[in-house]
Amino acid sequence: MSLFENTLAQIKQASAIMKLNPTVEKILSNPHRILEVTFPVKMDNGNIEVFKGFRVQHNNARGPYKGGIRFHPQVDMGEVMALSAWMTIKCAVANIPLGGGKGGVIVDPKKLSPAELERLSRAYIRSINRIVGPDEDVPAPDVYTTPQIMAWMVDEYSKIQGRNVLGMLTGKPLAVGGSLGRADSTSQGGIYVLEEVCKEKGIDPKKATVAVQGFGNAGANVAHMLMDMGFKVVAVSDSKGGLYSADGLDTRIVEKCKTEKGSVNNCAVGNAKAISNSDLLALPCDVLFLCAMENQITAENADKVQAKMILELANGPVTPEADAILAKKGIAVIPDILANSGGVTVSYFELVQNKANFYWTAEEVDTRLRKIMVDGWKNVSANAEKYACTYRQAAFITALKRLEDAILARGFEN
Ligand code: GLU
């Protein structure tokens, strides 16, 4: 199954449970627009290399297309299509007035110098500039893209337009129209959902263990937050391997070590020992946080999962086949489209602040983020009960109902 087929399977499942309007289902099963671009970039050695990128605009019934840009060697059009559809659904779960889009460039940014990365970022935004803008399609960071990359892109776009257009993308540095709280908003949003889940299921953080797959922006931040809440973080991992300690890891020391030694896998001191990524996914623990890439829990390894619950900060880490196996085993999955929607929610706040040219305090951002995440959980949890379905199906139902309302109210051309 391709990643987009996974998304279609998820829409289909929820649609069957809630009896979604079939035309709406058909509309949401196809992206509005797919743009594929190639563009040349001058390398530091004087050679010109040609890169390929995409921007997919999935649906804008509820507001401008919205979604990040991924720089990764494994990017392909099917992946960007899936990610764009999940953005449509995610914004509808959070009930923010935005649609879904996604971009990607096939590149390993770790192999580029800062100057090459800047030229590539500017060249990509020039290639897609005709279809993006604050009221059309608003990009943001995703895997391996950063606030600095957003700053180059907003600068390039503003030069093309001949005026400052800060709201053409989000996730910018504070110095150029970024929002307080955006940097750790994905993790913070996930924590607000987790707090509600713990209340509902009677989990005491001080007596619970967690494992965190992925130690990038979302994974490292969430690991620190979990440790600060009293959870015992028994394992973390990155793309090169993992680290385990039955006594719990000090995640800030692990992060420092990763910066020095390149991977958490090289940080085995004291009671901590190196483990593999697949070991981490099979560890017995209360909550397994998936903060890396898609397709991590599949039909092959779902049976080995011993965590009591999974929370997805990555997009699409559990396949539909794995979902069915986990549901049978009674392992609850708090799905990406709810759990990681804190990122796009604060992106929305950033866009609002750019439009008003008036900036909020950290407390204002945080209070509004918490409310959206708690409301999101309440809606999803209520639908899970009403339809006796999984949290993912309930989150899709929550979103699809809102999308159906918007699409039907706008009407079809006759
Ligand atoms: N890339 C993030 C996501 O997948 C954030 C998107 C945004 O802020 O627009 O949700």
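Values in this document were obtained by computation on a predicted structure and should not be read as measured data. Just so you know, ligand 1 is whichever comes first in the structure, and atom 1 is the first atom listed for that ligand.
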Of all protein heavy atoms, the one nearest atom 8 (O) of ligand 1 is Ser347 OG, 2.5 Å
Ionic contact status for Asp135 with Lys355, cut-off 4.0 Å:
yes
Contact partition for Lys102 relative to ligand 1, non-hydrogen atoms under 4.0 Å
side chain
Lys371, NZ: over 12 other non-hydrogen atoms inside 6.0 angstrom:
no
Say whether Ser185 and Gln188, considering side chains only, have a donor N or O and an acceptor N or O under 3.5 Å apart.
no
Inspect the contact between Asp44 and Arg119 and indicate whether a charged nitrogen and a carboxylate oxygen are less than 4.0 angstrom apart.
yes
dist Asp137:CG -> Leu98:CG (nearest 0.5 Å) comes out at 10.5 Å
Here the atoms of ligand 1 under 4.0 Å from any heavy atom belonging to Met87 are 3 (C), 4 (O), 6 (C), 10 (O)
When you look for heavy atoms under 4.0 Å from ligand 1, do you find them on the side chain of Pro141, its backbone, both, or neither?
backbone
Quick one: which ligand 1 atoms are inside 4.0 Å of a heavy atom on Lys90?
3 (C), 4 (O), 10 (O)
With a heavy-atom distance limit of 4.0 Å, tell me whether Arg182 approaches ligand 1 through its side chain, its backbone, both, or neither.
side chain
So for Gly171, does at least one of its heavy atoms come nearer than 4.0 angstrom to any atom of ligand 1?
no
Side chain, backbone, both or neither: Asn315 near ligand 1, heavy atoms under 4.0 Å
side chain
So that I can tick it off, tell me whether Arg122 and Glu118 are bridged by a salt bridge, with the cut-off set at under 4.0 angstrom between side-chain N and carboxylate O.
yes
Considering the heavy atoms of Asp142, write down every atom of ligand 1 situated less than 4.0 Å from one of them.
1 (N), 2 (C), 4 (O)
Looking only at distances, please establish whether an N/O atom of ligand 1 is found under 3.5 Å from an N/O atom of Lys66.
yes
Close-contact set for ligand 1 against Gly67 heavy atoms, below 4.0 Å
9 (O)
Between Lys199 and Glu196 (salt bridge meaning N to carboxylate O under 4.0 Å), is one present in this structure?
yes
Identity and separation of the nearest protein heavy atom to atom 7 (C) of ligand 1:
Ala140 CB, 3.3 Å
Apply side-chain hydrogen bond (donor to acceptor under 3.5 Å, both in side chains) to Tyr348 and Lys66, showing your working.
CA-CA 9 Å; Tyr348 164 56; Lys66 182 84 192 83; over 6 Å; no
